[in-house]
Amino acid sequence: APRYALVVAGAALVGFAALSAAGLSPAWAALAAALLLGVPRLLRRQERPLTVVRELHLGFCLFVLALGVIVAAAAHHGLADAADRLLPSGSGLQALLGIALVAAVLSNAVNNIPATLILVPLLAGSPIHLLAMLVGVNVGPNATYAGSLATLLWRKRLPPELRPRAREFHALGAVATPVVLVAAVVSLWASWRMLGA
């Protein structure tokens with residue numbers, strides 16, 4: 001088992017939580033983990049510097065940065081207001097389904113990371129609304145390749161012969177995603193009611 005890599009990954013997760021709780025960016029934990037994994041291999045000459053640079057996928061990193069900039073600009077020019085108007089109020093099942101649906105649609109339109117950044121400030125006052133939004137931005141994006149950064153990374157890392165065809169992926173996503181989304185929101189609502197919140 002890759003014990004060193006697992007220990008570093010575990011420490012990174014702890015670092016994400018600790019830095020977030022301290023009001024600092026979790027990016028520092030990610031950078032530290034990347035250095036702890038990459039630098040020893042370079043020093044032992046197990047990797048060439050050019051290979052490490054190629055593994056950074058700088059073009060993809062630039063794409064993610066550009067996506068964030070575009071969505072931030074769109075949010076300031078009406079996208080956040082439009083999303084706010086679509087979000088229902090209340091903590092009943094119908095309202096939670098509506099919030100999850102808005103989050104899912106927005107995720108598939110602009111990707112789930114920017115969608116989260118747009119929706120969190122709008123729902124920050126209510127834990128149950130935030131949880132419904134988190135279901136939406138995590139389950140909803142499975143309907144399209146572009147909906148989730150994780151799906152884009154997964155697809156990029158797969159060898160071309162193993163990648164499912166876009167038509168196949170989207171057909172399955174269109175059927176499975178709504179079913180899982182509704183089941184997850186119903187479970188969330190039932191749990192919330194059982195807790196008497």
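Not measured: the values here are computed from a predicted model. One-based numbering along the sequence shown.
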G136 versus P141, closest heavy-atom pair with distance: O-CD, 3.4 Å
Considering all heavy atoms, the nearest M133-A103 contact: O-CB, 3.6 Å
Within one Ile-Leu-Val-Met-Phe-Trp-Tyr cluster: L36 and L31, side-chain cutoff 4.5 Å: no
Minimum-distance pair of heavy atoms, taken over all atoms of A115 and V110: N-CG2, 4.1 Å
Spacing of CG belonging to L122 relative to CG belonging to L86, to within rounding of 0.5 Å: 10.5 Å
Between CG on residue L131 and OG on residue S126, distance to nearest 0.5 Å: 8.5 Å
Closest approach of A95 to S91 (non-hydrogen atoms, all atoms of both residues): CB-N, 4.4 Å
Euclidean distance, L79 CG relative to I118 CD1, rounded to 0.5 Å: 4.0 Å
Given L87, L130, L134, the one that forms side chain to side chain contact (heavy atoms under 4.5 Å, CB included) with L119: L87
Side chains of N111 and L152 in contact at under 4.5 Å (non-hydrogen atoms): yes
W28 atom CH2, over 12 foreign heavy atoms within 6.0 Å: no
Candidate pair L37 and Y4, rule side-chain contact (heavy atoms from CB on, under 4.5 Å), full reasoning: CA-CA 8 Å; L37 290 171; Y4 178 71; 4.1 Å; yes
Cluster overlap L24 with L35, hydrophobic side-chain contacts below 4.5 Å: yes
Option among V69, L106, V71, I70 that satisfies the side chain to side chain contact (heavy atoms under 4.5 Å, CB included) test with P114: V71
same_hphob_cluster(I113, F63) at 4.5 Å side-chain heavy-atom cutoff: yes
Single-linkage hydrophobic cluster, 4.5 Å side-chain cutoff, W192 and L181 together: yes
Matching residue for V139 among V185, V180, N112, V182 - test: side chain to side chain contact (heavy atoms under 4.5 Å, CB included): V180
Heavy-atom side-chain contact between R155 and F169 under 4.5 Å: no
Worked check of side-chain hydrogen bond (donor to acceptor under 3.5 Å, both in side chains) between N108 and T144: CA-CA 6 Å; N108 283 292; T144 64; 2.6 Å; yes
Gap between atom OG1 of T177 and atom CG of L172 - 0.5 Å precision: 7.5 Å
Close side-chain approach of L158 and P164, heavy atoms under 4.5 Å: yes
K156 to R163 - nearest heavy-atom pair and separation: O-NH2, 3.5 Å
Check: P88 and I99 side chains under 4.5 Å, non-hydrogen atoms: yes
Linked, directly or transitively: L101 and L188 (ILVMFWY side chains, under 4.5 Å): no
Full working for side-chain contact (heavy atoms from CB on, under 4.5 Å) between L96 and H129: CA-CA 7 Å; L96 299 182; H129 288 171; 4.0 Å; yes
